[in-house]
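Take a look at the structure below.
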Amino acid sequence: MLSRPAPLWHHSLVGLSAVATIVTSLAGCPPAAWALSDIPQIPGQQQPEEPDSSTAPEPTEDEKSDDDAADPGLTGIPDPDPLINKPGEDQTDADTAEPQKPPPEVIYDISKAPEPVRRMRELMIEAAASGDIERLRALMNPGPNQTQIQLGTDEDDPVAKLKSLSGDPDGVEILAILIDILSTGFVRVDAGTRDEAYVWPYFAEKPLSLLTPPEKVELLRIVTAGDFAEMEELGNYNFFRLGISPDGQWKFFAAGD
């Protein structure tokens, strides 16, 4: 039996059903997203400008410190160099610096001095012990090599100079000081030169800061405690001293720095 052909309205209905199915499926899907560049600009609205990195404001100090604290890669301020130089540093300065001159040897044994020196010392002690200051005149080697009395007085005569420094008119105090000076240890200075001399007392050539307790006692036999305190402030002995040359001449008698 032959089938009857479908009417035309049936085909139309099928087409409409297919279209409805497609529309329904499209209604369940979300619309595609628009790119920002594709969004149409509203009339009268200005498009925001891109920030210019060249004109960006500088961060504040607080912001910088926060950024530094947050960055674990920062190492901070480097430590300063050590105050103590390592061995070998500044070696050039140490090599060129002049070494300090050691104090001369203090001699108490008069036999270590040349015989002319020992003889002159004995004669000076004998003249001073006599109480007659004129007896020193013959020991002052009158002439071009006369003993230098470096005491800053206006007297031309060497004996008169000694008297002017004494606390008495006869110069007895100076004679007593002379004996005290020659009773101490002595030193040899400027060895091998024309200025070589044996000097009494040794305090004149030794720094007071290096004196031992027994040496301080010996010094206080010559000067007062007040004089010693003043010398310590100045840093050197400034009382009377004398020198005898290796050939036995009384070279000088002086005082001061």
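Just the heavy atoms: all of them, side chains too, but no hydrogens, waters or symmetry mates, feed the values below. Given the structure is predicted, the values throughout are model-derived calculations rather than measurements.
At least one side-chain heavy atom of I177 sits under 4.5 Å from a side-chain heavy atom of F239. Within the 4.5 Å cutoff, the side chain of L162 has heavy atoms near those of the M140 side chain. Proximity of L242 to L178: side-chain heavy atoms (C-beta onward) are separated by under 4.5 Å at one or more points. Side-chain contact between F253 and P158 is absent, with no heavy atoms from C-beta onward closer than 4.5 Å.
The two residues A204 and V199 make their nearest non-hydrogen contact at CB-CG1, 4.4 Å. Among all heavy-atom pairs drawn from D180 and R221, the shortest one is OD2-O, 4.1 Å. Among all heavy-atom pairs drawn from W200 and G185, the shortest one is CD1-O, 3.8 Å. Between R188 and P104 the shortest heavy-atom distance is O-CB, 4.3 Å. Closest heavy-atom contact between I110 and R121: CD1-CD, 3.7 Å.
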message = Go through it in stages, so that I can follow the logic: the residues are K163 and D157, the test is salt bridge (charged side-chain N to carboxylate O under 4.0 Å, His left out), and I'd like the CA-CA distance, side-chain angles, deciding distance and then a yes or no.
response = CA-CA 10 Å; K163 279 186 177 183; D157 181 76; over 6 Å; no

request  = Please assess I222 against F240 for the test side-chain contact (heavy atoms from CB on, under 4.5 Å), listing each intermediate value before the final yes or no.
outcome  = CA-CA 9 Å; I222 301 174; F240 294 105; over 6 Å; no

message = Under the criterion side-chain contact (heavy atoms from CB on, under 4.5 Å), I'd like the reasoning laid out for R241 against I181: C-alpha separation, chi angles, the key distance, then a yes or no.
response = CA-CA 7 Å; R241 73 202 70 176; I181 288 175; 5.9 Å; no

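For the atom pair L136 CG and S130 OG, the distance stands at 7.5 Å (nearest 0.5 Å). With values rounded to the nearest 0.5 angstrom, L208 atom CG is found 9.5 Å from L234 atom CG. Remark: N236 CG to N238 CG distance equals 6.0 Å, nearest 0.5 Å. Here T147 contributes atom OG1 and K251 contributes atom NZ; the two are 9.5 Å apart, rounded to the nearest 0.5 Å. Atom-to-atom distance recorded for I125:CD1 and L182:CG is 5.0 Å, nearest 0.5 angstrom. Rounding to the nearest 0.5 Å places OH of Y198 at 11.5 Å from NZ of K112.
Transitive grouping of hydrophobic side chains (ILVMFWY, heavy atoms separated by less than 4.5 Å) brings W250 and L165 into a common cluster. Hydrophobic clustering, with ILVMFWY side chains joined whenever heavy atoms are under 4.5 angstrom apart, keeps I179 apart from L220. Cluster annotation: L139 and V172 are assigned to distinct hydrophobic clusters (Ile/Leu/Val/Met/Phe/Trp/Tyr, side-chain heavy-atom contacts under 4.5 Å, transitive).
R118 contributes a side-chain N or O that, together with a main-chain N or O of A113, makes up a donor-acceptor pair within less than 3.5 Å. Remark: the backbone N or O of E134 is paired with a side-chain donor or acceptor of D132 at under 3.5 angstrom. Of the possible donor and acceptor atoms, none in the side chain of E205 sits under 3.5 Å from a partner among the backbone N and O of F203.
For the residue pair S245/D247, the side-chain donor-acceptor check at 3.5 Å is satisfied.
Counting heavy atoms of neighbouring residues, nucleotides and ligands inside a 6.0 Å radius, atom CG of D168 exceeds 12 of them. Environment of CZ in R119: sparse, with no more than 12 heavy atoms of neighbouring residues, nucleotides or ligands closer than 6.0 Å.
Using bins of under 30°, 30° to 60° and over 60° for the plane-to-plane angle, the ring pair Y202/Y108 lands in the perpendicular bin.
Of the candidates E215, E105, E218, K206 forms a salt bridge (charged side-chain N to carboxylate O under 4.0 Å, His left out) with just one, namely E215.
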